[in-house]
Amino acid sequence: MKTVIKLEELGLFVLGIYLFSQLDYQWWWFLVWILVPDFSMLGYVINAKVGAFLYNVFHHRGIAVLVYILGYYLKLETVQFVGVILFSHASMDRIFGYGLKYETGFKYTHLGEIGK
């Protein structure tokens, strides 16, 4: 089953790349910004509850889709760009087994324990 999930996430990552290609940005912008959502992990400096909340907000594909749709509706390409980056990054993370976090600690995710 893990292989099927990883293939699904790969497909969603490719969709994110396609959506990015429809925007008027140079490709290097995607490469520069694709890891920026991981800065949300800094919330763990405060505590696990804040860390999990911030991480999950920046790695939730539903939020990413809403941001993208809002940008599309308002014809704001920058907002669409943010949605694509959030969506693509979340899919990329899940390919590697990083899921949404539980408040019990960084290594506890909806996809299982990291490093197990």
Side-chain angles (χ1 to χ4, degrees):
M1 185 55 123
K2 280 188 170 186
T3 303
V4 172
I5 291 172
K6 287 182 180 188
L7 288 172
E8 179 182 25
E9 296 301 336
L10 178 61
L12 292 171
F13 183 70
V14 170
L15 173 63
I17 291 172
Y18 170 75
L19 292 173
F20 176 81
S21 75
Q22 301 303 300
L23 302 175
D24 192 28
Y25 284 92
Q26 301 276 332
W27 276 104
W28 63 269
W29 282 101
F30 186 85
L31 299 175
V32 167
W33 286 89
I34 192 65
L35 295 178
V36 168
D38 278 338
F39 282 105
S40 63
M41 287 187 284
L42 291 174
Y44 282 96
V45 171
I46 298 169
N47 63 43
K49 186 174 183 176
V50 171
F53 175 78
L54 288 176
Y55 185 92
N56 290 343
V57 166
F58 284 89
H59 289 79
H60 193 288
R61 280 197 305 245
I63 293 171
V65 168
L66 288 175
V67 169
Y68 178 83
I69 291 171
L70 180 67
Y72 183 82
Y73 178 75
L74 297 175
K75 300 194 182 346
L76 297 172
E77 198 167 70
T78 303
V79 176
Q80 285 178 273
F81 174 77
V82 170
V84 166
I85 291 297
L86 292 173
F87 182 86
S88 300
H89 178 85
S91 294
M92 181 183 70
D93 268 8
R94 290 186 184 129
I95 290 169
F96 297 112
Y98 296 102
L100 298 174
K101 306 297 183 201
Y102 292 117
E103 293 177 359
T104 51
F106 181 80
K107 68 180 187 172
Y108 302 103
T109 78
H110 83 286
L111 296 177
E113 190 175 332
I114 297 171
K116 199 167 189 185

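Owing to the predicted nature of the structure, the values given are computational and were not obtained by experimental measurement.
Between the side chain of His110 and the backbone N or O of Gly99 there is no donor-acceptor pair closer than 3.5 Å.
Looking at Ile85 and Phe58, their side chains never come closer than 4.5 Å, going by heavy atoms from C-beta outward. Side-chain atoms of Gln22 and Gln80, non-hydrogen and from C-beta on, never get closer than 4.5 Å to each other. Counting heavy atoms from C-beta outward, Arg61 and Leu12 have side chains that approach closer than 4.5 Å. Side-chain contact check for His60 versus Leu86: every heavy-atom pair is 4.5 Å or farther apart.
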Worked verdict on Met41 versus Lys101 for side-chain contact (heavy atoms from CB on, under 4.5 Å)
CA-CA 10 Å; Met41 287 187 284; Lys101 306 297 183 201; over 6 Å; no
One pair to check against side-chain contact (heavy atoms from CB on, under 4.5 Å): Val57 and Ser40. What are the steps and the verdict?
CA-CA 9 Å; Val57 166; Ser40 63; over 6 Å; no
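Put simply, Leu10 and Val65 are part of the same group of oily side chains (I, L, V, M, F, W, Y) that touch within less than 4.5 Å, one to the next. Hydrophobic cluster membership differs between Tyr25 and Val67, with clusters built from Ile, Leu, Val, Met, Phe, Trp and Tyr side chains linked at under 4.5 angstrom. Leu35 and Phe30 fall within the same hydrophobic cluster, defined by Ile, Leu, Val, Met, Phe, Trp and Tyr side-chain heavy atoms under 4.5 Å apart, directly or through other members. Ile17 and Val32 fall within a single hydrophobic cluster, where Ile, Leu, Val, Met, Phe, Trp and Tyr side chains are chained together by heavy-atom contacts under 4.5 Å. No single ILVMFWY cluster, assembled from side-chain heavy atoms under 4.5 Å apart, contains both Phe39 and Leu100.
For the atom pair Leu31 CG and Trp28 CH2, the distance stands at 10.0 Å (nearest 0.5 Å). Atom CD in Glu9 sits 11.5 Å away from atom OG in Ser88 (nearest 0.5 Å). Taking CG of Leu70 as the reference point, atom CG of Leu76 lies at 7.5 Å (rounded to 0.5 Å).
Checked options His89, Glu8, Met92; the residue passing with Phe13 is Met92 (criterion: side chain to side chain contact (heavy atoms under 4.5 Å, CB included)).
In this pair, Trp29 and Phe81 present their aromatic rings perpendicular. The plane angle is above 60°, beyond the 30 to 60° band. Using cut-offs of 30° and 60° for the angle between ring planes, the Phe106 and Tyr98 rings count as tilted.
Using modelled atom types, one finds a donor on one side chain and an acceptor on the other under 3.5 Å when comparing Tyr55 with Asp93.
In Tyr44, the OH atom is crowded: over 12 heavy atoms of neighbouring residues, nucleotides or ligands sit closer than 6.0 Å.
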